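Just below is one structure, and these are the notes that go with it.
Here the structure is a predicted model, which means the values were calculated and not measured.
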Amino acid sequence: MKKTAAMFAIVALTSAPVFAAQTGGGFVDPNAQVQTQPGQQGGFVGPTGNKTTVKQAKTFSDDTWVTLTGKIEQRIGGEHYIFRDATDSVNVDIDHKRWNGLTVTPQDTVEIQGEVDKDWNSVEIDVKQISKVK
């Protein structure tokens, strides 16, 4: 009987923080403005990086975060594509997991966010997020 009571007490003490975490808890500022978007599943809401052109992005240093708007013209192999805006074109690397079920044609305008990837004599954008522009 004592073993059962002891086990029950241990389980109750160790699971209390789990139940507390599920109820939300923490500080709530009544003056804070809440910024949410319908269907959004959390994450940062605000400026998304340097909104720029392909021509400008090619001059940025390695690992600079950029946001580009344009069209994907064609697939050049594997996860590599040609992306073009009004100023120039650049190769982009879009990992299959970044598509998130999105289907894009050369007629669709998209916004890509990612990092400039500079090598000795080439510039590429390593895409971290892609979305269609409506």
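Atom CG of Asp63 is separated from atom CD of Glu115 by 5.0 Å, given to the nearest 0.5 angstrom. The structure places CG of Asp95 at 4.5 Å from CD of Glu79, a figure rounded to the nearest 0.5 Å. Rounded to the nearest 0.5 angstrom, Thr105 OG1 and Glu73 CD are separated by 12.5 Å.
Under a 3.5 Å cut-off, the side chain of Asp119 and the backbone N or O of Asn121 do not form any donor-acceptor pair. Panel note: side chain Asp117, backbone Glu124; no donor-acceptor pair is recorded below 3.5 Å. Between the side chain of Lys118 and the backbone N or O of Lys58 there is at least one donor-acceptor pair closer than 3.5 Å.
For the pair Thr53 and Asp88, the minimum side-chain heavy-atom distance is 4.5 Å or more. Residues Trp65 and Gln113 form a side-chain contact, since some pair of their non-hydrogen atoms from C-beta on lies under 4.5 Å apart.
With a 4.5 Å cut-off between side-chain heavy atoms of Ile, Leu, Val, Met, Phe, Trp and Tyr, the cluster of Ile82 takes in Ile76.
When all heavy atoms of Pro106 and Lys71 are compared, the pair lying nearest together is O-CD, 3.5 Å. Counting all heavy atoms, side chain and backbone alike, Leu68 lies closest to Val54 at CD2-N, 3.8 Å. Between Lys55 and Thr59, the shortest heavy-atom distance links the atoms O-CG2, 3.7 Å.
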- [ ] Decide side chain to side chain contact (heavy atoms under 4.5 Å, CB included) for Phe60 and Val123; before the verdict, give the C-alpha distance in whole Å, the side-chain angles of both, and the deciding distance to 0.1 Å.
- [x] CA-CA 10 Å; Phe60 292 161; Val123 177; over 6 Å; no

request  = Please test Val66 against Val116 for side chain to side chain contact (heavy atoms under 4.5 Å, CB included), starting from the C-alpha separation and ending with a verdict.
outcome  = CA-CA 7 Å; Val66 294; Val116 175; 3.9 Å; yes

Quiz item: Going through the distances and angles, do Asn100 and Leu102 end up as a side chain to side chain contact (heavy atoms under 4.5 Å, CB included)?
Solution: CA-CA 6 Å; Asn100 291 324; Leu102 184 66; 5.7 Å; no

**Report entry** CA sep, side-chain torsions, deciding dist, call: Phe83, Ile125, side chain to side chain contact (heavy atoms under 4.5 Å, CB included)
**Finding:** CA-CA 9 Å; Phe83 177 87; Ile125 307 298; over 6 Å; no

Quick one: side chains of residues 126-134, donor-acceptor pairs under 3.5 Å with protein atoms, not counting sequence neighbours, listed by atom name and distance.
from: Asp126; atom 1: OD2; to: Lys128; atom 2: NZ; distance (Å): 3.1
from: Lys132; atom 1: NZ; to: Thr103; atom 2: O; distance (Å): 2.9

